[in-house]
2 protein chains.
Amino acid sequence: MGDGSCRFVHILLVEDDVRLGEALQRALQRLSYTVSWLRDGRTALAAMRDRTADLVLLDLGLPGRDGIDVLVEARRAGVETPVLVMTARDGLSSRVDGLDAGADDYLVKPFHVEELAARIRSLNRRMRGLAANRIDVGMLSLDMGTSRVVFRGRTVDLTRREFALLQALMENAGRLVRRESLENSLYGLDHVVGNNALEVLVHSLRRKLDHETIRNVRGFGYMIPRDPK
Amino acid sequence: MGDGSCRFVHILLVEDDVRLGEALQRALQRLSYTVSWLRDGRTALAAMRDRTADLVLLDLGLPGRDGIDVLVEARRAGVETPVLVMTARDGLSSRVDGLDAGADDYLVKPFHVEELAARIRSLNRRMRGLAANRIDVGMLSLDMGTSRVVFRGRTVDLTRREFALLQALMENAGRLVRRESLENSLYGLDHVVGNNALEVLVHSLRRKLDHETIRNVRGFGYMIPRDPK
DNA sequence: GCGCCGCTTAAGCGTTTCATAAGGCGCCTG
DNA sequence: CAGGCGCCTTATGAAACGCTTAAGCGGCGC
């Protein structure tokens, strides 16, 4: 998936709403995750007990406050899989309870896929133990802690979007990142952006770096080669 | 664990709520801390007097304002163990009281486990570095014991919020601190959308210092440079 | 109770950043 | 070789972001 790991990351998606569930599943699969979508608390709990998942994406909006019970139950059973909780904005108390009950992070609906992806990467990194919030590729060095980018020993000032784009590319250094995938992780599921926004962004990023490191693969997307030339 | 220590760190968790207590204990154990979970003020006070703990995690939401009394009592008895206080969002006064009573740091509920871990590491580092509770950065000096701030040799009167903000920035001097991170540590996770409280706070702090030392990084957050030019 | 103080919210303003549109260039295909 | 398609580049208006000032609110001391 991209944060230094080579193996597949398996995500358990617990969401009762069909439309949202479908959308999330698609978005996550596009980000190269393996997704198991479960629609109710009972099967979710069973799946968590199996400990086959690397991360659980749990919707607390399940009917009957089912979600929290699942979480509490699983924790009590000794399941230590990182859990990212999704809550509606109005459900303030449930959000609080969620964190209390043992969630590792939470996300308020509605949210951007960009945000979700960032949280998932963060949780995965933390789980893996390495505080690796730095990526080095060739002459490029990107620090997500300080949001600083150094290129050929020179600090480069990037805007938020540029930073996000570069991060997405560097996390997948050496691999092609599909245009669609980039657009999704930069903008949202909404996807209301025009079709050349990405190109313009790439262009402005290239001007701040150089015009070689970000390569285009015609018809597919972009990539940063791991071994320059 | 990551903050340079090799020995075990023993944390005293004082929390009456069963679910939250369980969750915290598990989370801390997962971070390789040794946790003793106590459910009431009396036993907590006794345990603090033993001085076997390296750090105390104290919930001020205990019934009957028990928590504050425990803290005051322990300090009066000469216990110098670092205390991290957890307060509910509404309990603003109790938070203030907590700091007055001798807490070393506070956390507004609800919070991310990640945030808690960061505070604990910070407290541990501070405790171990014999310079105990003072941070010096450039012309700035901040003393958490006396809550005094000296800037260019001149004592500056700060409010509690301003102090907390400056502390968060100075603890990460030279690194950018994300806006979201600042908001979380100042207000807890429940910040309402569309508020610019942080900017106003930064402004008032700048007026008491100067308009250069606190730098803004557009789209990301704020920072205080370690080596001011 | 009155006024002060600290905090939050709101609104105005300048600056930066971004999405869009539109023209140009190169590559591939027919 | 002509045309289409995908990408690059530039310009421009709109939105986002941050700074500042002012007003409202509650707590606390007088």
Side-chain angles (χ1 to χ4, degrees), chain A residues 112 114-115 147 149 156-166 168-169 176-180 182-188 190-223, chain B residues 87 89-100 106 108 147 149 156-166 169 176-188 190-223:
Chain A
H112 284 275
E114 166 192 10
E115 182 67 17
S147 295
V149 168
V156 186
D157 271 339
L158 297 186
T159 68
R160 222 175 9 162
R161 284 264 195 269
E162 291 161 0
F163 187 88
L165 170 62
L166 185 59
L169 288 174
L176 173 102
V177 189
R178 288 184 178 276
R179 172 189 200 88
E180 194 181 86
L182 285 173
E183 279 171 352
N184 256 317
S185 76
L186 284 172
Y187 312 105
D190 330 5
H191 200 267
V192 278
V193 286
N195 44 350
N196 79 337
L198 180 61
E199 282 141 27
V200 177
L201 193 61
V202 167
H203 177 235
S204 68
L205 185 52
R206 280 177 174 155
R207 286 219 307 217
K208 293 189 178 176
L209 306 174
D210 63 23
H211 289 248
E212 277 75 47
T213 43
I214 299 180
R215 299 232 188 116
N216 167 257
V217 181
R218 199 178 181 79
F220 292 96
Y222 294 85
M223 74 170 280
Chain B
T87 74
R89 169 161 183 67
D90 52 354
L92 190 138
S93 62
S94 68
R95 180 193 333 163
V96 173
D97 293 349
L99 284 169
D100 286 347
Y106 73 88
V108 185
S147 291
V149 169
V156 186
D157 271 338
L158 297 186
T159 68
R160 243 170 251 288
R161 282 263 195 266
E162 291 161 0
F163 187 87
L165 170 61
L166 186 59
L169 288 174
L176 179 129
V177 188
R178 284 177 190 278
R179 174 192 197 83
E180 186 187 285
S181 166
L182 287 174
E183 280 172 350
N184 277 345
S185 72
L186 287 171
Y187 308 113
D190 293 326
H191 70 278
V192 200
V193 288
N195 61 348
N196 64 343
L198 180 60
E199 277 121 323
V200 177
L201 192 61
V202 167
H203 179 235
S204 68
L205 185 51
R206 279 178 174 154
R207 286 219 307 217
K208 293 188 178 177
L209 306 175
D210 62 23
H211 289 247
E212 276 76 47
T213 42
I214 300 180
R215 299 228 189 118
N216 168 258
V217 182
R218 183 171 261 262
F220 291 96
Y222 294 85
M223 73 170 282

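The structure displayed is predicted, hence computed values, not measured ones. Numbered from 1 within each chain, the chains take letters A, B, ... in sequence-line order.
The distance from atom CG of Leu198(B) to atom P of dT20(D) is 13 Å, rounded to the nearest whole Å. Distance CG (Asn216(A)) to P (dC5(D)): 18 Å, rounded to an integer number of Å. Nucleotide dC19(D) holds its P atom 14 Å from the CG atom of Asp210(B), rounded to whole Å. In this structure, Lys208(A) atom NZ and dT16(C) atom P are separated by 12 Å, rounded to whole Å. Per the geometry, CD belonging to Glu183(A) stands 13 Å off C1' belonging to dG6(D), to the nearest Å. Spacing between atom CG of Leu209(A) and atom P of dC8(D) amounts to 14 Å, rounded to whole angstrom units. Going from atom CG of Leu201(B) over to atom C1' of dT21(D) covers 16 Å, rounded to whole Å. Nucleotide dG6(C) holds its C1' atom 9 Å from the CD atom of Glu162(B), rounded to whole Å.
Residue His203(A) has a polar side-chain atom (N or O) positioned under 4.0 Å from OP1 or OP2 of dT9(D). In this structure, Arg160(B) does not reach the dG6(C) phosphate: none of its side-chain N or O atoms is under 4.0 Å from OP1 or OP2. Proximity of His211(B) to the phosphate of dC19(D): no side-chain N or O atom is located under 4.0 Å from OP1 or OP2. Contact check, Tyr222(B) against dC19(D): a side-chain N or O comes under 4.0 Å of OP1 or OP2. Here Arg207(B) does not reach the OP1 or OP2 of dT20(D): none of its side-chain N or O atoms lies under 4.0 Å away.
Under 4.0 Å is where a charged nitrogen must lie from a carboxylate oxygen, and between Glu199(A) and Arg179(A) at least one such pair does.
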CA sep, side-chain torsions, deciding dist, call: Val202(A), Leu182(A), side-chain contact (heavy atoms from CB on, under 4.5 Å): CA-CA 11 Å; Val202(A) 167; Leu182(A) 285 173; 5.9 Å; no

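Exactly one residue among Val177(B), Leu165(B), Leu169(B) makes a side-chain contact (heavy atoms from CB on, under 4.5 Å) with Tyr222(B). That residue is Leu169(B).
Counting any heavy atom pair closer than 4.0 Å across all strands shown, Val200(B) reaches a base atom.
The base of dC18(C) lies outside donor-acceptor range of the side chain of Arg161(A), with no N or O pair under 3.5 Å. For a distance-only test at 3.5 Å, the side chain of Asn196(B) qualifies as a donor-acceptor partner of the base of dT20(D).
Side-chain contact between Leu186(B) and Leu201(B): present, with at least one pair of heavy atoms (C-beta onward) separated by less than 4.5 Å.
Annotation for Lys208(B) and Glu162(B): closest pair NZ-OE1, 2.9 Å, computed over non-hydrogen atoms.
Nearest-nucleotide positions on DNA chain C place Thr159(B) closer to the 5' end than the other of Arg218(B) and Thr159(B). Of the two residues contacting DNA chain C, namely Glu199(A) and Leu158(A), the nearest-nucleotide position lying further toward the 5' end is that of Leu158(A).
Comparing dC19(D), dT8(C), dC7(D) against the side chain of Arg179(A) picks out dC7(D) as the nearest.
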